[in-house]
4 protein chains.
Amino acid sequence: MIILLKKHVTQEQETDFISQLKEMGFDTHLSIGTNHTIIGLVGDTSTIDIEMLKAFDIVETVQRVQEPFKKSNRRFHEEDTVITLQNGTKIGGGNFQVMAGPCSIESEEQIIGIAQSVKAAGASILRGGAFKPRTSPYSFQGLQEEGLELLLKAKEKTGLPIVTEIMDSAHIPLFEEVDIIQVGARNMQNFELLKKLGQLRKPVLLKRGLANTLQELLMSAEYIMAGGNEQVILCERGIRTIETYTRNTLDISAIPVLHRLSHLPVIADPSHATGDAKLVRPMALAAVMAGVDGLLIEVHNDPSHALCDGAQSLTPEAFASMMGKIQAVRPFAER
Amino acid sequence: MIILLKKHVTQEQETDFISQLKEMGFDTHLSIGTNHTIIGLVGDTSTIDIEMLKAFDIVETVQRVQEPFKKSNRRFHEEDTVITLQNGTKIGGGNFQVMAGPCSIESEEQIIGIAQSVKAAGASILRGGAFKPRTSPYSFQGLQEEGLELLLKAKEKTGLPIVTEIMDSAHIPLFEEVDIIQVGARNMQNFELLKKLGQLRKPVLLKRGLANTLQELLMSAEYIMAGGNEQVILCERGIRTIETYTRNTLDISAIPVLHRLSHLPVIADPSHATGDAKLVRPMALAAVMAGVDGLLIEVHNDPSHALCDGAQSLTPEAFASMMGKIQAVRPFAER
Amino acid sequence: MIILLKKHVTQEQETDFISQLKEMGFDTHLSIGTNHTIIGLVGDTSTIDIEMLKAFDIVETVQRVQEPFKKSNRRFHEEDTVITLQNGTKIGGGNFQVMAGPCSIESEEQIIGIAQSVKAAGASILRGGAFKPRTSPYSFQGLQEEGLELLLKAKEKTGLPIVTEIMDSAHIPLFEEVDIIQVGARNMQNFELLKKLGQLRKPVLLKRGLANTLQELLMSAEYIMAGGNEQVILCERGIRTIETYTRNTLDISAIPVLHRLSHLPVIADPSHATGDAKLVRPMALAAVMAGVDGLLIEVHNDPSHALCDGAQSLTPEAFASMMGKIQAVRPFAER
Amino acid sequence: MIILLKKHVTQEQETDFISQLKEMGFDTHLSIGTNHTIIGLVGDTSTIDIEMLKAFDIVETVQRVQEPFKKSNRRFHEEDTVITLQNGTKIGGGNFQVMAGPCSIESEEQIIGIAQSVKAAGASILRGGAFKPRTSPYSFQGLQEEGLELLLKAKEKTGLPIVTEIMDSAHIPLFEEVDIIQVGARNMQNFELLKKLGQLRKPVLLKRGLANTLQELLMSAEYIMAGGNEQVILCERGIRTIETYTRNTLDISAIPVLHRLSHLPVIADPSHATGDAKLVRPMALAAVMAGVDGLLIEVHNDPSHALCDGAQSLTPEAFASMMGKIQAVRPFAER
């Protein structure tokens, strides 16, 4: 960390400040210029609060040299993390998986039917929403516990591992048989939930918030990993921008950037990002080419009667066609 | 709600679609133009999901006429809501209150000392953080339960009602003696927490998320109100924009817009928005002039030793000076 | 265009308003509901100003049904536009071209050397900046007229058509031998410049502004086309978002969306979007897969001595390697 | 400027790099830590291109210490700049002026009528658009030269100085009698226009772009000032954010921040920012309280028949009422 002091700081102020930094456990490393004094801070600065340093009257600016994330940081863990689900399915480090299924679980018939279709088309993990984060309290909130039970039936019937979203740490016991617990974009900085997921030893799929930076995403992964649960899958799902034609803007560059910064697997969700079934396919292919480790795709047998997000769901036929294309281009993907 | 059908829709498709709308409980109101058919939907459309309608192949666009929020909507509740705390302090409807105190509660001496200073300067509510939502798991997370106890001591000592942030619905029992429960920007769409706060009969201060629209803020208020808790205070605290000099951009226009759309009290938090003590005063005064019902201000006796957010904290002296100015200009405020 | 009137509008106000709409040359088409009257406007509404309609006291909301762009609109021109340069090179409608070269033209040797390298690697158009839009007046502003002359020499020497940026309509005469005139992101809404380029009969490469929507981009294309110059190439070059790790966010979804809305060719510029040479390759490949008609790539023989934007320039070797990959995946591209 | 080198840089690379910096005319100032070498650059770094430094393989990060703007920078010019118009009207340094008038000049009667009303209400400068930057080529483009002539008639008739927008440097000769030349938000980075305005000796009102930072605004002011024209008035007019209810978000915090960074006068335009006449008044008052040196307000005698932007125009009566309030609160304004 580099701290630049203001001009006209007295010797006494400087000495005082340095002794405070030492009390906090840092070695300092001074460099005195004609106009400014620069202090280099040596030690583990990930615990330090930049705002606190800026509150000192004599400080002009503070700049981090090291990223504030540690356990998710590729600098300290060069190898890709590979996450292995209970049935042996692997994600990351060259293992690519497609997670597909409906936005909402609606009935036993629906979820099992879709599960069979997506499995036949090559998906290896089943997604389905039981607890639904809806903007309006008056919208369908998902089948909740009942939905989870139906999803487990589909898992049993098809052998597909399942991924579904958690919205409250109080529900953790309900997720025991769930293979991957999803944290939605709106809960990316629900730190209490993240801490509790850090106590589990189960994969967590962490979605980037609508207006969160990649560094903030990694800091949220850090909350889970700091608790000892290192099985985190990062998910780019679109950010809010000035564009209004698409629901959000899928940030494809997040994929190579996250791979550079972190060893964790990175997947993309083109369905929520675009909100438009016709855009899912080109964006899925773009994400594959940019090196993603997996995709999260909404598939519904009857999109116009879906209880949620029908406009962005692929039919099983469209999904199967897209999967064929993905298999053809995967060998060319960047990584 | 107005639904515009695509060109070249067949009579049969149209009839089919309309009968589905009727099954959902809506009256329809048809208008057939040369190129397009327009369907007006009559009934309570707040429960309807626009995305679902868009998933129909024959639909070109859908536009809401009525806002999707009801209980927070001024159309259905013309009078300003006035929230009365247990000690009789009122917020809204012409009642203006300043909530002040430290970012984090650090010790009994600290919180009581600051409480006494801000009370002397004219603050009527004490703020203080016990549970702190920090971007990094390695930063100070607040004194938690112990912090709440110290805050209660300060309440007892000074008679000031207190406001403090909740981060997990599991903590609700700890907040029994808290006068106003704050929901932070990062939890604005933590819908499970909002639902549980809706079960209480206690004021909730709901902060706007960093990248949330005013409509989304009102929909989150709706989650609390739908549960029967109508004591919601809305708080503008800055949004994330392209500007990097300030931490966030305090959206002053949110104040008159929220007053137009809703009957709920609206307050502003210039401390978190700007992240810079020197900007707190002009922004607080601008918010007052735009008609805000209250302010949330960080005050610390020793900002450069604050355990959190020192850079944006006012000293008690600066706070007292600002309060004098606020009292002078309040009579001119717009509303 | 659909105009929704407020509740409680009198019969007289309504009649008045409709007669004004008729004076403007529109047929109206009335639909009277229980609460609201809806007016459908029939005729060419592309000339109408929504703001003006909203200024009427009796108007609640106004919604466009038809997009405000006409000449660039695929609805009225289903076939892809193919732009043919003087040497016969075609862009659009299945014709894919890579435009490569340095950010700034620095010397005859430099521009000719790079031109030869990029041609050898498969680029079919040479890019190079003579007039440079720099944020600071103190930064290198390009070689200007002299740069253009050097670029023309490189064209002559290699046979490659050239594309270069114009910054002032007064410079148009200097661009006579330029094959494609580029309008930079910062001039996307320099309407006087666009009008003058509309008087030419020469291809214009129009870059999307940093915070402009796709509809605004198409409206700017419309300015050029309205003057009779229909040879416009649209370019996605990244938008400003909340992410700070990359310089801008390349909006890959803009590619399929622009192809849906418009018949004009669409290219992408991953160099300026990312500002980082290592990200150019995955983003270029993602853009190819999403169906782009061409790429604009910065190549420099000695990036760390480039007078401008070295950090984002590929070496000729890295460029050649990327071109090989692009040729391999192009057959799989979406379109 | 502080340059941090990567770990594992060889002695030779370091020496090489430093000698290159010296060739560019900088003194360097070395500080060697356990992990990293830091180079401090001494000299006028405003001409240096950060991107160029980042292109060196051995560079980890580069951070500016000094702002890149010089002539507009308060560090080098502590006193507020006061701009004096030909009739003696002063702006800045405690002199507050309201510029009011219609969006578009429509007729002699209209512009003179409005000029007389706004003068009577206390405006000291007349605004009116002759050249109009419209998103659509099919919208009314202003009366152009004829509009300028009418504006000059209104100036003559009322004695009010005038401000109007320029859209093309070729029009400069038409602006000889104009007191303040306005550069619109969309031309804020039309650098060729800025350079030519820098050759004049006439006040320029420079509006902040829709998605430009305050530093970029000051760099654009720098373009004008670098040419020798130091009479620049900065104007905050709203930025594009995630909020959709208002047209743009007026960034009130820009006012105190610009006053801190620069000595130039700062005004605000609440009419364009909000796009809504009912929000103009509270936002104008908020801007006054935050210390603005002037306001730009749209006034129209018949807003619903305005040829442009009627929805945001105040009637003369509403304007007069607002002026009364402004005069009452100005003595309390921050500064």
Side-chain angles (χ1 to χ4, degrees), chain C residues 20 44 46-49 51-57 68-70 131 133-141 167-171 186-196 198 209-212 216 219-220 222-223 225-227 239-240 275 277 303-313, chain D residues 20 44 46-49 51-52 54-57 68-70 131 133-141 167-171 186-196 198 209-212 215-216 219-220 222-223 225-227 239-240 275 277 303-313:
Chain C
Q20 290 191 41
D44 176 8
S46 63
T47 62
I48 220 170
D49 187 355
E51 300 296 316
M52 192 258 294
L53 293 177
K54 284 187 187 163
F56 283 89
D57 264 355
F69 45 98
K70 295 193 290 188
F131 296 93
R134 308 304 300 275
T135 307
S136 168
Y138 310 120
S139 298
F140 173 57
Q141 306 276 315
M167 287 176 61
D168 191 342
S169 60
H171 296 156
R186 286 170 184 76
N187 277 316
M188 191 199 92
Q189 294 192 320
N190 181 341
F191 300 121
E192 294 299 315
L193 176 61
L194 299 178
K195 281 183 198 170
K196 285 178 185 154
L210 280 157
N212 287 108
E216 287 169 338
M219 292 310 293
S220 286
E222 204 72 18
Y223 260 97
M225 298 174 87
I239 53 176
R240 202 164 257 198
S304 66
H305 290 86
L307 292 178
C308 147
D309 279 348
Q312 75 200 34
S313 294
Chain D
Q20 289 190 43
D44 176 8
S46 63
T47 63
I48 220 171
D49 188 354
E51 299 296 316
M52 192 259 291
K54 285 186 185 163
F56 283 89
D57 265 354
F69 44 96
K70 295 192 291 187
F131 296 93
R134 307 305 300 275
T135 307
S136 169
Y138 310 121
S139 297
F140 174 58
Q141 306 277 315
M167 287 176 61
D168 191 343
S169 60
H171 296 156
R186 287 169 185 76
N187 278 315
M188 191 198 93
Q189 294 192 320
N190 180 341
F191 300 119
E192 293 299 313
L193 176 60
L194 300 178
K195 282 183 197 170
K196 285 179 186 155
L210 280 158
N212 287 108
Q215 181 171 304
E216 287 169 337
M219 291 310 293
S220 286
E222 203 73 18
Y223 260 97
M225 298 174 86
I239 52 174
R240 203 163 257 195
S304 67
H305 289 84
L307 292 179
C308 150
D309 278 349
Q312 75 200 34
S313 293

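Lettering follows sequence order; numbering is per chain, from 1.
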>> Just so I understand: if I count every heavy-atom pair under 4.5 Å between each of F69(C), F140(C), F56(C) and chain D, which residue has the most?
In response: F56(C)
>> As an exercise: rank Q20(C), Q141(C), Q312(C), M225(C) by heavy-atom pairs under 4.5 Å with chain D and give me the winner.
In response: Q141(C)
>> Counting heavy-atom pairs under 4.5 Å with chain C, which one of S136(D), S139(D), A226(D), P303(D) comes out on top?
In response: S136(D)
> Which value, rounded to the nearest 0.5 Å, describes the distance between Y138(D) atom OH and Y223(C) atom OH?
Replying inline: 10.0 Å
> Does a side-chain heavy-atom distance below 4.5 Å link P133(D) with E192(C)?
Replying inline: no
> What closest approach, in Å, do T135(C) and Q189(D) show between heavy atoms, and which atom pair accounts for it?
Replying inline: CG2-NE2, 4.4 Å
>> Checking side chain to side chain contact (heavy atoms under 4.5 Å, CB included) between N190(C) and each of L193(D), D168(D), N187(D), which is the one that passes?
In response: N187(D)
> For chain D, which of E222(C), K195(C), R134(C) has the most heavy-atom pairs under 4.5 Å?
Replying inline: R134(C)
>> For a side-chain contact (heavy atoms from CB on, under 4.5 Å) check, start with the C-alpha distance between R240(C) and N212(D), then their side-chain angles and the critical distance, and finish with the verdict.
In response: CA-CA 9 Å; R240(C) 202 164 257 198; N212(D) 287 108; 4.1 Å; yes
> Counting heavy-atom pairs under 4.5 Å to chain C, which of M188(D), Q215(D), E216(D), H171(D) comes out on top?
Replying inline: E216(D)
